[in-house]
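Encoded as structure tokens, the structure appears first; notes follow it.
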Amino acid sequence: MKKIKGENQILIMLAFFSISMGLWENFRQLWLQDNNFTVTNISNIISIGTLISVLGIMFVGKNIKLEKLKGFVSLALIIKFLNLIMLLSLKNKGNTSLINFSIILDVVTGYLVTTSIYPLITTIIKNNTIYSKRKLTEYLFRDIGILVGGLLIGKNIIGVLIDYNMCLLISIIFLAISVIVMFNISACKEVKSEASEKVQILKYIAQRKTQVIYAIYTFIGSMAMMTALGLKMLTLTNYFEFTDNQATNYLLIVGLLADLVGILALKFLTPKNDYITVTIKFGIRFIGYTIAFLSNNIIITLIAITWSILISTAYENICDGYYINEVDNKYQLALTNFRYIVRYLGEATGIFLCGIMYEIGLRYMFGLSAFFMIFQIGLAYYLIYLRKNKKRDSRS
């Protein structure tokens with residue numbers, strides 16, 4: 001792999017990891033339901049796993065320096081691999097406590113690896129384009145993982161029925177490939193931390209208004225997204241009465257289209273006016289969710305879900321890239337960890353609320369999400385205002 005650029009080596013590892021994640025996470029909720037877990041149990045487990053991930057990210061930010069990051073990611077991948085092998089043996093065994101522990105560990109290790117990818121890349125290169133490439137790689141290959149699951153689920157291949165557990169086994173195989181690629185990455189072996197003193201990230205953020213607002217925006221945005229879509233497969237199979245295969249194919253098609261929209265938006269479809277960009281990404285979603293809540297119509301709700309997923313990968317460079325890349329490299333790992341902490345706190349809260357709203361009724365998931373989006377959109381506009389004023393001040 002020495003002939004491949006360092007950042008591309010990392011993206012190749014991310015690609016195999018994302019296939020594994022997409023395949024398994026698409027069926028994880030249904031796997032748990034098949035093992036007699038209720039929707040509330042499932043949302044609580046995932047929410048707890050996400051909250052524990054926050055503690056893990058805090059540990060990484062405090063104790064893992066850039067030159068140690070490659071080793072840490074390798075360790076997290078191995079733990080995830082061994083944990084999934086254990087989970088594979090637990091189906092229908094009735095060992096609820098062990099399944100809870102294994103699912104939580106699965107969530108934690110997945111988040112820790114995902115969190116560490118971009119800081120690892122920034123030791124080689126850092127710009128808005130590579131940030132979008134990293135995001136698009138994750139999204140695209142997660143969808144390929146969903147495709148693999150959609151093609152195989154329910155099929156009988158050489159006398160073996162491909163059920164949720166077999167999909168987990170295939171996910172483990174792709175994860176094993178990502179581990180092998182990770183150990184053969186030649187980049188980042190000689191990286192040294194640029195910071196000569198301990199980074200006080202909270203103090204650093206508090207001194208920068210854009211970073212404070214961006215942190216609040218990230219929390220509310222993540223909470224809004226997961227309140228509506230935190231339990232997608234359960235929503236599609238139970239409320240919309242899709243089969244697991246139909247739900248998988250739906251998510252696959254919309255996800256692939258979203259990847260295409262993300263790529264086209266990055267190259268050709270980004271408006272010159274950033275306010276218009278935010279309105280396209282979030283404003284239309286807010287309108288769709290509001291109409292879904294008021295109408296309580298299943299078709300309108302499905303359209304709102306479709307648009308939300310379709311636009312999810314687009315305009316990452318406008319909505320996130322600037323605020324991540326404006327900081328010096330020596331703060332990058334600490335700031336990225338802090339950003340993911342905020343994001344995952346929002347996701348954990350959103351998934352918890354999604355489970356509650358799910359039991360009350362489908363419309364309330366989207367009504368509550370739309371309420372949160374009012375604040376999200378307002379903060380997004382304000383961030384653009386601050387950014388543009390900062391540029392004008394620097395020119396004058």
Write down the atom of Leu383, the atom of Thr210, and the distance for their closest heavy-atom approach. CD2-O, 3.5 Å
Tell me, yes or no, whether the heavy-atom count around Phe72 atom CZ, taken from other residues, nucleotides or ligands under 6.0 Å, exceeds 12. yes
With distance as the sole test, does Lys281 use its side chain to make a donor-acceptor pair with the main-chain N or O of Ala314 at under 3.5 Å? yes
Could you check Lys80 against Val113 for side chain to side chain contact (heavy atoms under 4.5 Å, CB included), going step by step and ending with a plain yes or no? CA-CA 10 Å; Lys80 185 175 180 66; Val113 173; 5.6 Å; no
Please say yes or no: joined through hydrophobic side-chain contacts below 4.5 Å, possibly via intermediate residues, are Met365 and Ile298 part of one cluster? yes
Once the angle between the rings of Tyr382 and Tyr385 is folded into 0 to 90°, is it parallel (under 30°), tilted (30 to 60°) or perpendicular (over 60°)? parallel
Is any side-chain heavy atom of Leu236 closer than 4.5 Å to one of Leu302? yes
One pair to check against side chain to side chain contact (heavy atoms under 4.5 Å, CB included): Phe352 and Met226. What are the steps and the verdict? CA-CA 9 Å; Phe352 175 74; Met226 299 310 286; over 6 Å; no
So CD1 of Ile305 and OH of Tyr289: to nearest 0.5 Å the spacing works out to 7.0 Å
Looking at side-chain heavy atoms only, is the closest gap between Arg134 and Ile117 below 4.5 Å? yes
For Lys388 and Tyr275, does a side-chain donor sit closer than 3.5 Å to a side-chain acceptor? no
Are any non-hydrogen side-chain atoms of Asn100 and Ile48 less than 4.5 angstrom apart? no
Rounded to the nearest 0.5 Å, how far apart are CG of Leu345 and CD1 of Ile57? 8.5 Å
Please tell me if the side chains of Lys70 and Val73 come closer than 4.5 Å, counting only heavy atoms from C-beta onward. no
Compare all side-chain heavy atoms of Arg363 with those of Met357 and state whether any distance is below 4.5 angstrom. no
Ile309 vs Lys232 side-chain heavy atoms within contact, under 4.5 Å: yes
Kindly indicate whether the side chain of Ile172, heavy atoms from C-beta on, has any atom under 4.5 Å from the side chain of Ser20. no
Return yes if some donor-acceptor pair links the side-chain N/O of Arg285 with the main-chain N/O of Ser308 below 3.5 Å, else return no. yes
Between Ser178 (side chain only) and Leu175 (backbone N and O only), is there a donor and an acceptor less than 3.5 Å apart? yes
Within the 6.0 Å centroid threshold, strictly below: Tyr111 and Tyr344: yes
Scanning both residues in full, the closest heavy-atom pair of Gly110 with Met21 reads CA-CE, 4.0 Å
Hydrophobic clusters here meaning ILVMFWY residues chained together by side-chain heavy-atom distances under 4.5 Å, can you tell me if Met223 and Val212 are in one? yes
With ring centroids as reference points, do Phe240 and Tyr250 lie under 6.0 angstrom apart? no
Where the side chain of Lys155 meets the backbone of Ile162, is there a donor-acceptor pair that is under 3.5 Å apart? no
Keeping the roles fixed (side chain from Asn26, backbone from Thr248), state whether a donor-acceptor pair exists under 3.5 Å. no
Give the intermediate values and the outcome of side chain to side chain contact (heavy atoms under 4.5 Å, CB included) for residues Gln246 and Asn249. CA-CA 5 Å; Gln246 289 171 336; Asn249 290 336; 5.8 Å; no
What's the separation between atom CG in Asp244 and atom CG in Asp34, rounded to the nearest 0.5 Å? 9.5 Å
Out of curiosity, Trp307 CH2 to Ile303 CD1, how far, rounded to the nearest 0.5 Å? 12.5 Å
Tell me, yes or no, whether the heavy-atom count around Gln207 atom CD, taken from other residues, nucleotides or ligands under 6.0 Å, exceeds 12. yes
Polar side chain donor-acceptor pair, Asn41 to Thr38, under 3.5 angstrom: yes
Under 3.5 Å, is there a donor on one side chain and an acceptor on the other for Arg343 and Ser222? no
If only side-chain N and O atoms count, and only distance matters, is there a donor-acceptor pair under 3.5 Å linking Tyr381 with Thr279? yes
Which heavy atom in Ser43 sits nearest to a heavy atom in Leu231, and how many Å separate them? CB-CD1, 4.1 Å
Closest non-hydrogen contact found for Val107 with Ile46 is CG1-O, 4.3 Å
Ignoring hydrogens, what is the shortest heavy-atom contact between Met373 and Phe286? Give both atom names and the distance. CE-N, 3.8 Å
Is a side-chain donor or acceptor of Ser171 paired with a backbone partner of Cys167 at a separation under 3.5 angstrom? no
For Asn83 and Thr109, which I'm curious about, is there any donor-acceptor pair between the side chains at under 3.5 Å? no
Would you check if Ile146 and Leu23 make a side-chain contact, meaning some heavy-atom pair closer than 4.5 Å? no
Considering residues, nucleotides and ligands other than Met58, do more than 12 of their heavy atoms fall under 6.0 Å from its CE? no
Counting neighbours of CZ on Phe242 that are heavy atoms of other residues, nucleotides or ligands and sit closer than 6.0 Å, is the number greater than 12? yes
d(Asn238 CG, Leu30 CG) to nearest 0.5 Å is 8.0 Å
Backbone N/O of Thr40 and side chain of Asn44: donor-acceptor pair under 3.5 Å: yes
Out of the candidates Trp31, Trp24, Phe27, only one should pair with Tyr164 under the ring-ring contact (aromatic ring centres under 6.0 Å, His included) rule; please name it. Phe27
Checking side-chain polar atoms at under 3.5 Å, does Ser18 have a donor or acceptor matched by the opposite partner on Tyr139? no
I'd like to know if the side chain of Ser369 reaches the main chain of Ala224, judged simply by a donor and an acceptor atom lying under 3.5 Å from each other, with no hydrogens or angles considered. yes
Hydrophobic cluster identity match, Ile10 and Ile180, side-chain contacts under 4.5 Å: no
dist Leu234:CG -> Arg28:CZ (nearest 0.5 Å) comes out at 11.5 Å
Do any N or O atoms from the side chain of Asp163 and from the backbone of Met166 form a donor-acceptor pair under 3.5 angstrom? yes
Going through the checks in order, is the side chain to side chain contact (heavy atoms under 4.5 Å, CB included) test met by Leu77 and Met13? CA-CA 11 Å; Leu77 285 170; Met13 182 279 292; 4.1 Å; yes
Could you go through Tyr239 and Tyr358, starting from their C-alpha distance and side-chain angles, then the distance that decides it, and tell me whether this counts as ring-ring contact (aromatic ring centres under 6.0 Å, His included)? CA-CA 9 Å; Tyr239 267 114; Tyr358 183 101; 5.0 Å; yes
Taking Ser47 for its side chain and Ala348 for its backbone only, find out whether a donor-acceptor pair lies under 3.5 Å. yes
